[in-house]
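Report on the structure given below.
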Amino acid sequence: METEPLDDWAGGIAARSARKRLADAQIAVRRAEVEKIHAVLEMIDIWPIPEELDIGHPVAERHVPAGAAGAGEVGQFVTLEVAAALGVSEPAAWMLVHGAANLRSRHPLMWQQVQDLQVEVWQARRIVTACRELSLEAALEVDRKLSRHWGSGLGFGMIEKRARGYIVTADKALALRKARAAHDERYVSIRHNGDSTSMVIARIATAAALHLEDSLGRLADHLIAEGAQEALPFLRARALEMIATPYLPEGAGGLSTASPAPMLPLADVMVHISAEDLDPTTWAGNLAQVATRGGDVGSVLLPQLADLLGHFRIRVVPVIDLNQDLTFDGYQIPTRMRMQMQLREDTSVFPYSSRRSWACDLDHTEPFRPGSPAPPGQTRTSNLGPLSRSEHRAKTNGAWTVEQPAQGLYLWTSPTGMRFAVVNGHTHRLPGQ
């Protein structure tokens, strides 16, 4: 179904034609990437594995693992052939060979979906790489659990997040060993840019990072209360400067060293109950998803929660029914309604978006109509949806249009007439343009 405004848009017909060419080119690229994987696998299959008699010679070709456990073996010189054919280095060729062998042998369901063009090769390689330390059985388990998400309209960012959780539960002992190893690899790197700023990169314990995140947030709130008008990322940088230079006199360098009274940071711990959670095959991993107002911590095992939250104040949040249509008469969104929306919609409700809802604006699907008094009931769950700032702007100026005919169902139309339905984080392309 074609939208009327498109016909009035100068260049609209040409834009639609260009958009279709773009989609066709993307399909062609996907087919070419799949064909490249097929060719690499054929090279693996036909490349002769050296005989045991030849292996003792110092320059003899050796057979080496083609990938992780279960991916078979191959003659090591195959990568030189692949590298020369593609014009890449031997290490890059090894990554391609290992990725192809692992994809076929350890992720057969995903490999089929790659061939069906439901999964892009680069996405598959990301998952394959994340699973490379798992046993064959564990990798096959992750492959099985992920198979229902491919082609479902769920953004890759969310699929990758779920994959990380599946990887943890597939081998909990490995997850704990990796966590301990990562804990021993902490560092801080400071690089001076020469323009009066410096880059600070650090790897620290997540528990400490949560405390730092909370401190930055509270100090940024304090600066806002004092009248600061800058964007939040800038204020968080100022807050970090305040923490790093506590000896500065009041107001030095444009900074205020006044800060709120120290207190333990606050953590809201929420348990999401769904049919999948109640499945003993998934719940048995004792896995928790931890999030803060600054971002997503990710999947952790329950024994790790004590380290993460041991010094937090824990607030018990009353049960929030994600299906309830909460209503408020003002424009500003109450805390409980905002929390309900952020829990119901894990990401932005824009097509294919993976932007976390915690970092999004909550947009009124039907624009708020002010008045004196304003018409009641405009701010309600069934008239809200999280959008990133750019997505919000595109919707507000009319470039994209959206309807929410039922709570949690978002029907989008693009400027060139594409139509999408977004529900429960899944994007579905609708018939039409």
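Side chains included, hydrogens not; waters and symmetry mates left out as well; all remaining heavy atoms used.
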Side chains of D361 and P386: does their closest heavy-atom pair fall under 4.5 Å? no

Taking the six-membered ring where the residue is Trp, are the ring centres of F156 and W122 under 6.0 Å apart? yes

Which atom of L411 lies closest to which atom of P405, heavy atoms considered: CD1-CG, 3.6 Å

Do I333 and L384 come close enough that some side-chain heavy atom pair is under 4.5 Å? yes

Residue pair C131 / N102, side-chain heavy-atom distance below 4.5 Å: no

Contact summary for G99 and V128, nearest pair of heavy atoms: O-CG1, 4.1 Å

Verdict with supporting geometry, V121 and I37, side chain to side chain contact (heavy atoms under 4.5 Å, CB included): CA-CA 8 Å; V121 168; I37 297 299; 4.1 Å; yes

Would you indicate whether the side-chain heavy atoms of V423 and H428 approach each other to under 4.5 Å? yes

Hey, does the side chain of S357 reach the backbone of Q342 with a donor-acceptor pair shorter than 3.5 angstrom? yes

What distance separates R429 CZ from F420 CZ, expressed to the nearest 0.5 Å? 4.5 Å

Quick check against the 3.5 Å criterion: does D363 have a side-chain atom that pairs as donor or acceptor with the backbone of L387? no

For a quick test of reading the model, state the closest non-hydrogen atom pair linking A93 to V88 and the distance between them. N-CG2, 4.2 Å

Has H149 got a side-chain atom pairing as donor or acceptor with L154's backbone, closer than 3.5 angstrom? no

Donor-acceptor contact present, side-chain Q404 to main-chain G408, <3.5 Å: yes

For residues K178 and E133, determine if any side-chain heavy atom of one lies less than 4.5 Å from a side-chain heavy atom of the other. yes

Spell out, as yes or no, whether a donor-acceptor pair under 3.5 Å connects the side chain of R186 to the backbone of A205. no

W400/H392 aromatic ring centres below 6.0 Å: no

So, applying side-chain contact (heavy atoms from CB on, under 4.5 Å) with I127, which one of L146, V119, D143 is it? L146

Pairwise distance CG(L212) to CD1(I204) - rounded to 0.5 angstrom: 5.5 Å

May I ask you to check whether over 12 heavy atoms, not counting those of R344, lie within 6.0 Å of atom CZ? yes

Look at the side chain of R419 and the backbone N and O of T413, then say whether any donor-acceptor pair between them is shorter than 3.5 Å. no

For Y352, does its backbone N or O pair with a side-chain atom of T427 as donor and acceptor, under 3.5 Å? yes

Identify the heavy atoms of C360 and S388 that sit nearest to each other, and give their distance. SG-N, 3.7 Å

Do R238 and L223 come within less than 4.5 Å of each other through their side chains, counting heavy atoms only? yes

Salt-bridge present (D346, R356; N to O < 4.0 Å): yes

Closer than 3.5 angstrom, by distance alone: can the side chain of W412 be matched with the main-chain N or O of V349 as a donor-acceptor pair? yes

Any side-chain donor near an acceptor of the partner, E345 and Q340, under 3.5 Å: no

Evaluation steps, side-chain hydrogen bond (donor to acceptor under 3.5 Å, both in side chains), between E120 and Q26: CA-CA 10 Å; E120 295 197 52; Q26 174 69 356; 3.3 Å; yes

Of all heavy-atom pairs between L409 and A421, which one has the smallest distance, and what is that distance? CD1-CB, 4.3 Å

Using modelled atom types only, decide if a donor and an acceptor are shared between the side chain of Q113 and the backbone of S147 within a distance under 3.5 Å. yes

Straight-line distance of R191 CZ to I201 CD1, nearest 0.5 Å: 6.5 Å

With a sphere of 6.0 Å drawn around CD of Q229, does it hold more than 12 non-hydrogen atoms of other residues, nucleotides or ligands? no

Full working for side chain to side chain contact (heavy atoms under 4.5 Å, CB included) between L86 and L96: CA-CA 11 Å; L86 297 178; L96 184 58; 3.4 Å; yes

If the threshold is 4.0 Å, N to carboxylate O, is there a salt bridge linking K395 and E391? no

Tell me whether R218 is salt-bridged to D214, with the criterion being a basic N under 4.0 Å from an acidic carboxylate O. yes

If we ignore angles and hydrogens, is there a donor and acceptor under 3.5 Å between the side chains of R16 and T416? no

Can you find a side-chain donor-acceptor pair between S382 and Q407 that sits under 3.5 Å? no

Any T381 side-chain heavy atom under 4.5 Å of N323 side chain: no

More than 12 heavy atoms from other groups under 6.0 Å of CD on Q112: yes

L140 CG to K145 NZ distance, which is reported to the nearest 0.5 Å: 12.5 Å

Please round to the nearest 0.5 Å and tell me the distance separating atom NZ of K161 and atom CD1 of I159. 13.0 Å

With a 6.0 Å cut-off (strictly less than), is the heavy-atom count around CE of M95, excluding the residue itself, greater than 12? no

Ring center gap for F350 and Y410 short of 6.0 angstrom: no

Name the orientation class of the two ring planes belonging to H364 and F368 (parallel below 30°, tilted from 30 to 60°, perpendicular beyond 60°). perpendicular

Show your reasoning for whether side chain to side chain contact (heavy atoms under 4.5 Å, CB included) applies to R106 and L136. CA-CA 6 Å; R106 293 161 53 87; L136 175 61; 3.7 Å; yes

Test: R104 and D45 ion pair at under 4.0 Å: yes

I'd like to know if the side chain of T169 and the backbone of Y166 have a donor-acceptor N/O pair within less than 3.5 Å. yes

Would M110 and L103 satisfy side chain to side chain contact (heavy atoms under 4.5 Å, CB included), going step by step from the backbone distance to the final call? CA-CA 7 Å; M110 184 166 62; L103 176 60; 3.8 Å; yes

Measure the CD1-CG distance between I224 and L232 for me, rounded to the nearest 0.5 Å. 6.0 Å

Closest non-hydrogen atoms of V168 and A175, given as atom of the first, atom of the second and distance, are CG1-CB, 3.9 Å

Evaluate the side-chain proximity of D116 to W111: yes if any heavy-atom separation is below 4.5 Å, no if none is. no

